[in-house]
Amino acid sequence: SQDMKAARLFLVLCVALGLCHSRTGHGLAAGRTAGSPGIVYSAPAELKATADALARIPPSRLQTIAELVGLNGPSPSVEVEIVPESSPLARGAPSWVAGYAVPPESRIVLFPARSPGYPDGNLENVLLHELAHVLIFRAANGHPVPRWFHEGLAMFAARERTVEDRARLLFEVVFKEPPPLQKLDEGFHGEPGDVRRAYAVSGAFFRYLVERQGAGIAARVLRETAGGIGFDEAFRRGTGDAAIFSYFDFWHGLRAPDVWIPVLTSTTVLWFAITVLAIIARRKRRKRFALQRKAWEDEEKARKERLTLEVLEEYEDDRPPN
């Protein structure tokens with residue numbers, strides 16, 4: 001029903017807004033720029049301004065991502081192709097893709113004409129997200145890394161945590177059962193809703209790992225992975241626990257009442273709740289008024305029809321017989 005949808009939206013937005021007062025950002029200081037990976041941009045003349053804008057991203061941000069994955073020395077350049085919608089590359093990519101990386105080739109392709117969707121938000125974040133994928137591949141020495149780790153780390157590296165992240169995660173916690181870790185990667189190949197869910201859960205899980213063990217967790221796990229021992233064992237060596245148990249603790253912690261009750265009872269959420277309830281009440285009043293108005297109109301129409309019939313009957317009575 002509409003009321004149930006409104007209530008669910010109210011709950012999601014309330015907690016999302018309240019969570020804005022919790023920890024934000026990834027807590028990584030801007031590093032030195034000497035070891036930041038170089039980026040070589042290529043773009044047609046009509047997209048040169050876009051390339052120039054991306055080239056102004058501070059090298060310290062690139063260095064921060066490199067250090068996050070454990071690459072502290074000189075790093076080969078990454079080629080970034082900025083292409084128009086008329087290009088074969090754009091025609092061959094799904095319309096919702098604003099960019100993608102080809103890590104073995106150290107290459108990133110961006111489509112600036114497309115509006116980036118969740119989880120990136122803007123073209124700069126798309127670039128940093130895809131750069132993280134290239135650097136993760138390098139740090140793991142090309143060995144397999146689960147998609148959830150790839151995407152969670154890339155989200156963490158590219159941008160701050162957003163209200164949308166919190167709202168999506170809340171929806172997963174309150175209204176759905178958690179996807180098994182071994183099934184999480186499948187979500188990235190599903191329907192749009194499955195993809196957004198996979199991003200939201202992967203990003204939140206990785207941030208949980210960082211909060212527990214610090215930002216060095218990525219470098220430790222990828223360093224072990226680079227030796228070819230397999231990701232599960234590399235994760236256990238890098239964190240001291242199996243990934244599946246860490247994932248269980250992550251969901252168990254999210255569902256604990258003491259995580260959500262302080263948020264739900266905060267002043268911000270209280271005033272937001274009052275506002276939302278006032279909007280819902282106003283909508284209900286307008287609906288009741290519309291129904292009342294319709295009843296009045298129907299009653300008036302019926303009255304006029306009765307009067308018309310009465311006039312016709314009087315006319316028939318007053319007519320002289322033929």
Side-chain angles (χ1 to χ4, degrees), residues 26 28-93 97-114 116 119-145 147 149-160 206 215-216 218-228:
H26 45 57
L28 297 176
R32 54 189 173 80
T33 61
S36 62
I39 296 181
V40 178
Y41 295 92
S42 62
E46 66 268 23
L47 295 176
K48 183 177 182 301
T50 300
D52 291 342
L54 292 174
R56 289 193 288 272
I57 295 175
S60 60
R61 293 200 67 185
L62 312 182
Q63 173 69 13
T64 296
I65 298 175
E67 291 182 349
L68 177 64
V69 303
L71 298 175
N72 298 311
S75 183
S77 295
V78 177
E79 179 185 359
V80 175
E81 299 178 52
I82 304 174
V83 301
E85 284 299 288
S86 58
S87 71
L89 289 175
R91 291 195 296 269
V97 172
Y100 63 85
V102 187
E105 300 177 12
S106 294
R107 183 166 66 97
I108 296 171
V109 179
L110 300 178
F111 307 113
R114 303 179 182 182
D120 295 305
N122 60 58
L123 194 62
E124 179 178 319
N125 286 346
V126 174
L127 172 59
L128 296 175
H129 186 112
E130 302 306 331
L131 176 64
H133 285 311
V134 172
L135 300 185
I136 292 168
F137 178 84
R138 291 179 180 178
N141 199 24
H143 291 290
V145 174
R147 183 76 181 270
F149 191 87
H150 246 290
E151 297 297 349
L153 173 49
M155 289 174 67
F156 181 85
R159 62 178 180 79
E160 302 280 335
F206 188 84
R220 294 195 301 272
V221 172
L222 292 173
R223 189 180 305 117
E224 297 289 345
T225 304

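Atoms considered below: every heavy atom in the structure, side chains included; atoms not considered: hydrogens, waters and symmetry mates.
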Can a donor-acceptor pair be found, under 3.5 Å and without considering hydrogens, that links the side chain of [X] to the backbone of [Y]?
| X | Y | result |
| --- | --- | --- |
| R91 | S86 | yes |
| T225 | V221 | yes |
| R223 | A139 | no |
| E67 | N72 | no |
| R138 | P76 | yes |
| Y41 | L54 | yes |
| N122 | E124 | yes |
| R114 | A90 | yes |

**side chain to side chain contact (heavy atoms under 4.5 Å, CB included) between L128 and L62, worked out** = CA-CA 8 Å; L128 296 175; L62 312 182; 3.8 Å; yes
Side-chain contact test, heavy atoms from C-beta onward, threshold under 4.5 Å: evaluate it for [X] versus [Y] and give yes or no.
| X | Y | value |
| --- | --- | --- |
| E79 | E105 | no |
| S106 | S77 | no |
| I108 | V126 | no |
| Y100 | L89 | yes |
| V109 | R107 | yes |

**Asked** When you look at I82 and V80, which way does the side chain to side chain contact (heavy atoms under 4.5 Å, CB included) test go after all the steps?
**Response** CA-CA 6 Å; I82 304 174; V80 175; 4.2 Å; yes
How close do [X] and [Y] get, heavy atom to heavy atom, and via which atoms?
| X | Y | result |
| --- | --- | --- |
| V145 | A140 | CG2-CB, 3.8 Å |
| E130 | G99 | OE2-O, 3.6 Å |
| A157 | A132 | CB-CB, 4.2 Å |
| V83 | L47 | C-CD1, 3.6 Å |
| V134 | A101 | CG2-CB, 4.1 Å |
| E85 | A113 | CG-CB, 3.6 Å |

**Message:** Parallel, tilted or perpendicular: which one describes the rings of F149 and F206, with boundaries at 30° and 60°?
**Reply:** perpendicular
**Request:** Could you walk me through whether L153 and L222 pass side chain to side chain contact (heavy atoms under 4.5 Å, CB included), step by step?
**Result:** CA-CA 11 Å; L153 173 49; L222 292 173; 4.1 Å; yes
**Prompt:** Quick one: OG1 on T50 to CG on L110, what's the gap to the nearest 0.5 Å?
**Reply:** 9.5 Å
**Item:** Separation between CG of L68 and CD of Q63, rounded to the nearest 0.5 Å
**Value:**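 That separation rounds to 11.5 Å.
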**Message:** Using side chain to side chain contact (heavy atoms under 4.5 Å, CB included), reason through F111 and L123 one step at a time and then give a plain yes or no.
**Reply:** CA-CA 9 Å; F111 307 113; L123 194 62; over 6 Å; no
**Message:** Between the side chains of D52 and R56, is the shortest nitrogen-to-carboxylate-oxygen separation below 4.0 Å, so that they form an ion pair?
**Reply:**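 The answer is no: the pair does not qualify as a salt bridge.
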